[in-house]
Amino acid sequence: QVQLVESGGGTVQVGGSLRLSCAASGVMSSFSGMGWYRQAPGKQRELVAGITSGGNTNYADSVKGRFTISRDNAKNTVSLQMNNLKPEDTAVYYCRIQRLVGPTPINGYWGQGTQVTVSS
């Protein structure tokens, strides 16, 4: 069974930092795109940051310059370093692994989510 387990969430003050990590088991991440999504109350789930198997990254405009995504294929992990956090970053953050065959997506998996709360 494929499992994605997130860790590192919590409550921080405005301007603080958190590092989220996602550990995958039952799937080989080296053949997959990986990313972080978030969903705030009353809003749709949105892509925060993504990273390809080759290390190419993309970020939502709202987090550019503040967040950094990275991956370790040998350990089957993906991380999100979040700096200078703002109240609008408050959300449940979800890890995502998307398996690919060449450019074609096949199976995708979600983590359970971890709460990030930024308080002023």
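Just so it is clear, the model here is predicted, and its values are computed rather than measured.
Partners of Thr117 under the side-chain hydrogen bond (donor to acceptor under 3.5 Å, both in side chains) rule, at least two apart in sequence or in another chain, are Gln115. Asn83 meets the side-chain hydrogen bond (donor to acceptor under 3.5 Å, both in side chains) test with Ser17, Gln81; sequence neighbours excluded. Residues that satisfy the side chain to side chain contact (heavy atoms under 4.5 Å, CB included) test with Lys64, not counting sequence neighbours, are Tyr59, Asp61. Residues that satisfy the side chain to side chain contact (heavy atoms under 4.5 Å, CB included) test with Ser7, not counting sequence neighbours, are Ser21. Every residue meeting the side chain to side chain contact (heavy atoms under 4.5 Å, CB included) condition with Asn58, not counting sequence neighbours, appears here in chain and number order: Leu47. Take Arg66 and apply the side chain to side chain contact (heavy atoms under 4.5 Å, CB included) test, not counting sequence neighbours, and it matches Val63, Asn84, Lys86, Asp89. Taking the side-chain hydrogen bond (donor to acceptor under 3.5 Å, both in side chains) definition, one finds that Thr57 meets it with nothing, sequence neighbours left out.
Applying the ring-ring contact (aromatic ring centres under 6.0 Å, His included) test to pairs two or more places apart or on separate chains, those with a residue in residues 32-52 are Tyr37-Trp110. Counting only residues at least two apart or on different chains, the salt bridge (Lys or Arg N to Asp or Glu O under 4.0 Å) pairs with a member in residues 42-59 are Arg38-Glu46. Residue pairs satisfying the side chain to side chain donor-acceptor pair (under 3.5 Å) criterion with at least one member in residues 96-108, sequence neighbours excluded, are listed as follows: Arg96-Gln98, Arg99-Asn107. Among residue pairs with one or both ends in residues 65-104, none qualify as ring-ring contact (aromatic ring centres under 6.0 Å, His included); sequence neighbours excluded.
The minimum heavy-atom distance linking Asn73 with Ser53 is given by the pair ND2-O, 4.0 Å. Across Leu80 and Ala49, no two heavy atoms sit closer than the pair CD1-CB, 4.0 Å.
Taking CZ of Arg19 as the reference point, atom OG of Ser79 lies at 4.0 Å (rounded to 0.5 Å). From Arg71, atom CZ reaches atom CD1 of Ile51 across 6.0 Å, with rounding to the nearest 0.5 Å.
Of the possible polar contacts, one joining the Thr52 side chain to the Gly54 backbone as a donor-acceptor pair under 3.5 Å is found. Glu6 contributes a side-chain N or O that, together with a main-chain N or O of Cys95, makes up a donor-acceptor pair within less than 3.5 Å.
With a 6.0 Å radius and a threshold of 12 heavy atoms from other residues, nucleotides or ligands, Gln39 has its CD atom above the threshold. Few gaps surround CD on Glu88; more than 12 heavy atoms of other groups in view lie less than 6.0 Å from it.
Contact check for Met82 versus Leu20: side-chain heavy atoms found under the 4.5 Å cut-off. Side-chain contact between Leu18 and Val116 is present, with heavy atoms from C-beta onward closer than 4.5 Å.
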request  = Could you check Ile97 against Leu4 for side chain to side chain contact (heavy atoms under 4.5 Å, CB included), going step by step and ending with a plain yes or no?
outcome  = CA-CA 8 Å; Ile97 293 180; Leu4 280 65; 3.7 Å; yes
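Grouping Ile, Leu, Val, Met, Phe, Trp and Tyr residues whose side-chain heavy atoms lie under 4.5 Å apart, directly or via other members, places Ile106 in a hydrophobic cluster with Val101.
Partner of Ser119 under the side chain to side chain contact (heavy atoms under 4.5 Å, CB included) criterion, chosen from Thr11, Thr90, Val12: Thr11.
Tyr109 and Val78 end up in the same hydrophobic cluster when Ile, Leu, Val, Met, Phe, Trp and Tyr side chains are linked at under 4.5 Å. In the hydrophobic clustering of ILVMFWY residues, with side-chain heavy atoms under 4.5 Å counting as a link, Ile69 and Val92 come out apart.
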